[in-house]
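The structure appears right after this line, and notes come after that.
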Amino acid sequence: MNVILGASGQVGSNIVKELAARGLPTRAVVRKKKTDFDSRVEVKEADFFDLPQLTKALEGGSTVFLLTPEDPSSTDILGDTKQVINNYHQAIQANGIKKLVGLSCVGAHVEGNTGNILMSRMLELGFDDLNLSKVFIRPSYYFSNWLGFMETIEQYGVMPSFFPADLKIDMNSPLDVAKFAAKAIVDDHKESDKQIFELAGPEKYSSREVAEVFARVLHKKVEVQSIPKEQWKQTLLSAGFTDNTSANLMAMTQAVIDQSVPPEHEDQVNKLSTSLEQYLTEMFKG
């Protein structure tokens, strides 16, 4: 049984689809039950902060897919992450899970104040004492992050960005990441192995280039608008982030701008195939 936590998210839900399409035993774990999973998929509800629920959700599982909590309303996101990872650890031990596949991110090997990236670092280090196969996948910046600005893009033809307009960074499709993760779940890995896979899309993009892609796909003029650093916090607070989650997101953004969180092994990055234009075209199809 392959147990997929966070199965309502874009990566998790597509992992479930990939595994179900292969006819593999799959359990989707969500906070609130969804009805749009394949009929072959078992669905269980669990709150990651509730150890008994989480332990029950992993019952009978052999492989588990894990990720760190994303909650803009948290007042201690790193503390929450520590608690969730501890619960994962106990639930994995209680159920004799043989393999875990964790969704990390590029830069997780870096020590220091990297904000949200520290959550991925904590995930990667949280199971070193367990005798099971461990696979961690480190994607780069998700194409889907830009969809959060769709209202502004559609209404005003402006795409806000926390990055300098011409800073090029690695980006990738969350659907490609899901396919890669599904393959990692299926592939055999030796017990006690700890493998790291770093991912990137076919090319780097600047925010200005992202705006140009939106313009082509939407058939309208779209210009990038870089948000000055002194306005980051207020922008995030107005979007529903707390002081704590704002601080962590700003620290991560600054680390990306400073280029202090590159891939650990630049020559071994796995190149994914979907371009930003292909991804957006598919998202807006019909």
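Below, each value reflects all heavy atoms present in this structure, side chains not excepted, and no hydrogens, waters or symmetry copies.
Residues Tyr205 and Phe163 keep their aromatic ring centres 6.0 Å or farther apart. Aromatic ring centres of Phe48 and Tyr88 lie closer together than 6.0 Å.
Here the closest heavy-atom approach between residue Ala28 and residue Ala7 is recorded as CB-CB, 3.5 Å. Smallest separation of non-hydrogen atoms from Pro160 and Ile227: CB-CD1, 4.0 Å. Here the closest non-hydrogen pair linking Asp80 and Ser74 is OD2-OG, 2.7 Å. Residues Ser104 and Glu124 come closest through the heavy atom pair OG-OE2, 2.6 Å. Considering all non-hydrogen atoms of both residues, Leu218 and Met150 come closest at CD1-CE, 4.2 Å. When all heavy atoms of Ala182 and Leu19 are compared, the pair lying nearest together is O-CD2, 4.1 Å.
A distance-only check finds no donor-acceptor pair linking the side chain of Asp170 to the backbone of Glu203 [under 3.5 Å]. At distances below 3.5 Å, at least one donor-acceptor pair connects side-chain atoms of Asp38 with backbone N or O atoms of Arg40. With hydrogens and angles disregarded, a donor-acceptor distance shorter than 3.5 Å links the side chain of Arg27 to the backbone of Ala57. Here the side chain of Glu198 pairs a donor or acceptor atom with the backbone of Glu264 at under 3.5 angstrom. No donor-acceptor pair closer than 3.5 Å links the side chain of Lys204 to the backbone N or O of Met171. In terms of modelled atom types and a separation under 3.5 Å, the side chain of Ser8 and the main chain of Val30 share no donor-acceptor contact. In this structure, Ser226 contributes its side chain and Ala165 its backbone to a donor-acceptor pair below 3.5 Å. A distance-only check finds no donor-acceptor pair linking the side chain of Ser206 to the backbone of Leu167 [under 3.5 Å]. Panel note: side chain Asn95, backbone Ile97; no donor-acceptor pair is recorded below 3.5 Å.
At least one side-chain heavy atom of Val213 sits less than 4.5 Å from a side-chain heavy atom of Glu277. Glu42 places none of its side-chain heavy atoms less than 4.5 Å from the side chain of Thr26. You'll find the side chain of Ser207 reaches within 4.5 Å of the side chain of Trp146, heavy atoms only. In this structure, the side chains of Ile4 and Val41 stay at 4.5 Å or more apart for every pair of heavy atoms. The shortest side-chain heavy-atom distance between Tyr142 and Val11 falls under the 4.5 Å cut-off. For the pair His89/Asp129, a side-chain contact is recorded, criterion being any heavy-atom separation below 4.5 Å from C-beta on. Inter-residue side-chain proximity for Val3 and Thr63 is flagged as unmet; no heavy-atom pair is nearer than 4.5 Å. Phe162 places a side-chain heavy atom less than 4.5 Å from the side chain of Leu236.
With rounding to the nearest 0.5 Å, the separation of CD in Glu212 from CE in Met159 is 9.5 Å. Between atom CD of residue Gln53 and atom CG of residue Asn87 there is a gap of 10.5 Å, rounded to the nearest 0.5 Å. In this structure, the separation between CG on Leu66 and CD1 on Ile85 is 9.0 Å, given to the nearest 0.5 Å. We find the OG1-OH distance between Thr281 and Tyr279 to be 11.5 Å, quoted to the nearest 0.5 Å. Here the CG-CG distance, from Leu118 to Leu125, works out to 10.5 Å after rounding to the nearest 0.5 Å. One finds the NZ atom of Lys44 at 9.0 Å from the CG atom of Leu58 (value rounded to the nearest 0.5 Å).
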What's the verdict on side chain to side chain contact (heavy atoms under 4.5 Å, CB included) for Val158 and Ile153, showing C-alpha distance, side-chain angles and the deciding distance?
CA-CA 5 Å; Val158 170; Ile153 292 170; over 6 Å; no
What do the steps show when you test Phe214 against Leu280 for side chain to side chain contact (heavy atoms under 4.5 Å, CB included), and what is the final call?
CA-CA 8 Å; Phe214 269 104; Leu280 291 179; 3.9 Å; yes
Passes ring pair (Phe, Tyr, Trp, His ring centres under 6.0 Å), Phe241 versus Trp232? Steps please.
CA-CA 11 Å; Phe241 287 75; Trp232 287 358; over 10 Å; no
Please evaluate residues Lys220 and Glu154 with respect to the criterion salt bridge (Lys or Arg N to Asp or Glu O under 4.0 Å), reporting the C-alpha separation (whole Å), side-chain torsions for both, the decisive distance (0.1 Å), and the verdict.
CA-CA 9 Å; Lys220 65 176 293 177; Glu154 289 177 333; over 6 Å; no
Would Leu54 and Phe49 count as a side chain to side chain contact (heavy atoms under 4.5 Å, CB included) here? Give the steps.
CA-CA 8 Å; Leu54 188 61; Phe49 293 96; over 6 Å; no
Determine, step by step, whether Val186 and Arg22 satisfy the side chain to side chain contact (heavy atoms under 4.5 Å, CB included) criterion, reporting the C-alpha distance in whole Å, the side-chain angles of both residues, the deciding distance to 0.1 Å, and the verdict.
CA-CA 10 Å; Val186 173; Arg22 298 182 189 214; 3.8 Å; yes
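Connection of Leu100 to Leu51 is not established within any shared hydrophobic cluster, with ILVMFWY side chains joined at heavy-atom distances below 4.5 Å, either directly or through further cluster members. A chain of hydrophobic side-chain contacts below 4.5 Å, direct or via other Ile, Leu, Val, Met, Phe, Trp or Tyr residues, connects Leu103 to Leu130. Placement of Val261 and Ile257 within a single hydrophobic cluster is found when ILVMFWY residues are connected by side-chain heavy-atom separations under 4.5 Å, directly or transitively. Using a 4.5 Å cut-off between side-chain heavy atoms of Ile, Leu, Val, Met, Phe, Trp and Tyr, with links allowed through other members, Val256 and Val110 fall into the same hydrophobic cluster. The hydrophobic cluster containing Val222 also contains Val210, counting ILVMFWY residues as joined when their side-chain heavy atoms lie under 4.5 angstrom apart, directly or transitively.
Atom CD of Glu230 has more than 12 heavy atoms from other residues, nucleotides or ligands within 6.0 Å. A 6.0 Å sphere centred on OH of Tyr156 holds no more than 12 heavy atoms belonging to other residues, nucleotides or ligands. Heavy-atom contacts from other residues, nucleotides or ligands closer than 6.0 Å to CD of Glu151 number 12 or fewer. Annotation for Gln259: atom CD does not count as buried by contact number, only 12 or fewer foreign heavy atoms lying within 6.0 Å.
Between the side chains of Thr242 and Asn244, no donor-acceptor pair is found at a separation under 3.5 Å. A donor atom on one side chain and an acceptor atom on the other are not found under 3.5 Å apart for Ser173 and Thr274. Asn172 and Ser140 share a donor-acceptor pair across their side chains, judged by distance under 3.5 Å alone. Under 3.5 Å, the side chains of Gln254 and Lys229 contain a donor-acceptor pair of N or O atoms.
Salt bridge Glu45/Arg31: absent, no basic N to carboxylate O contact under 4.0 Å. In summary, Lys285 and Glu282 engage in a salt bridge, as defined by a charged side-chain N under 4.0 Å from a carboxylate O. Ion pairing between Asp128 and Lys134 fails under the 4.0 Å rule for side-chain N and carboxylate O. A salt bridge links Lys168 with Glu209: the distance from a Lys NZ or Arg NE/NH1/NH2 to an Asp or Glu carboxylate oxygen falls below 4.0 Å.
Relative ring orientation between Phe127 and Phe136 is described as parallel, the plane-to-plane angle staying below 30° on a 0-90° scale split at 30° and 60°.
Each of Leu249, Thr68, Thr245 was compared with Ile77 under the side chain to side chain contact (heavy atoms under 4.5 Å, CB included) criterion, and only Thr245 meets it.
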